[in-house]
Amino acid sequence: MRLTFVNKFHTSRLVLKQFIPSMSLVYTPERFEELKANVGSIQQKVDEVSSGQARLVCVSKLKPASDIQALYDMGYRHFGENYVQELIEKAQALPKDIEWHFIGGLQTNKTKDLAKNITNLYAVETIDTIKKAKKLNDTRANVGGSKIGVFVQVNTSGEEQKSGIFPGEDLTQLVKTILEECPLLELRGLMTIGSYAASYSDGPNAEFGVLADCKQAIESQFGLKDLQLSMGMSGDFVQAIKQGSTSVRVGSSIFGSRPPNNGH
Ligand SMILES: *Cc1c(COP(=O)(O)O)cnc(C)c1O
């Protein structure tokens, strides 16, 4: 009994990981209106709380290309995706002036696909090791193309199993490597994924505070200014903006819920 259950669970996870949604760009008027109402209320809140200063990135992972086309036709340009293959297929099918954000866990061996296949990549937001930074830089150098924007993902919760580099000396060394040894990368800012516990407690989010402090520290150490802060999702983007976020990543509040078990 137990074994059967475990097997089924693993199989469905695998299937979901490889699930690529439809690349048709045709949407229904009903879906257009639904998305318009959803994104409109999120955009309004973002504008209100940030006084028009923060960007909304629509997180479209596992959603059909037609949903993205509908938002594109409303004027939206920044979209976030988590899976390399899905992003490549969507980038090929959809308009070339979309600004794609890769926000998924990045395996070093997939950096080549990102560097090679997507010309309109605004940023890879999940750089958290020196190895990944160098690999992305070197593959871009090999395949040619303009600079790739990057965010350094920071582990602001201190939980060992979470991705992201730790604040302090580790972060400093990674930023130094990007600035000094990666001419094809452009550091755009810092990113974090808030822990569930912190997102659902009231008041200021300690993890967002940590990321804002990291930005101050990095800017003063390297004489940089205007680094972006990518933090905040459907459940906590208002609080994130209050704590300095300039780029929020919102998925389910715009597109509706996703299939279970696909992680972030
Ligand atoms: C899925 C995802 C989001 C969007 O999450 P929602 O809760 O659906 O808004 C934001 N950031 C990352 C890194 C994600 O993986």
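Order of appearance sets the numbers: ligands from 1, and atoms from 1 within every ligand. Numbering starts at 1 and runs along the sequence shown.
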**Study point:** Enumerated ligand 1 atoms positioned under 4.0 Å from heavy atoms of K61
**Key:** 1 (C), 2 (C), 3 (C), 14 (C), 15 (O)
Check your understanding: Which atoms of ligand 1 sit under 4.0 Å from any heavy atom of N82?
Key -> 14 (C), 15 (O)
Practice item. Output the list of atoms in ligand 1 that are nearer than 4.0 Å to some heavy atom of I193, sorted by atom number. Key: 13 (C)
Exercise for review: Assess R188 against Y122: is NZ or CZ under 6.0 Å from the centre of the six-membered ring, and within 45 degrees of the ring's axis?
Suggested key: yes
Review point. N/O to N/O below 3.5 Å, does that happen between G251 and ligand 1?
Key: yes
Exercise for review: May I ask you to list the atoms of ligand 1 that are less than 4.0 angstrom from any heavy atom of S252?
Suggested key: 6 (P), 7 (O), 8 (O), 9 (O)
**Study point:** Pairing of E34 and R31 as salt bridge, 4.0 angstrom limit
**Key:** yes
Review point. Can you list the ligand 1 atoms lying under 4.0 Å from a non-hydrogen atom of R249?
Key: 4 (C), 9 (O), 10 (C), 11 (N), 12 (C), 13 (C)
Check your understanding: Quick one: does R258 get a heavy atom under 4.0 Å from ligand 1?
Key -> yes
Study note, to complete from the structure: If we number the atoms of ligand 1 from 1 as shown, the ones under 4.0 Å from a heavy atom of V250 are 9 (O)
Check your understanding: Is there a donor-acceptor contact under 3.5 Å linking the side chains of T139 and T111?
Key -> no
**Study point:** Smallest separation among heavy atoms of G209 and Q243, with atom names
**Key:** N-NE2, 3.4 Å
Point to revise | Enclosure of K132 NZ (heavy-atom neighbours >12, cutoff 6.0 Å) | key: yes
Practice item. Indicate the atoms forming the closest heavy-atom contact of Y76 with C58, along with that distance. Key: CD2-SG, 4.3 Å
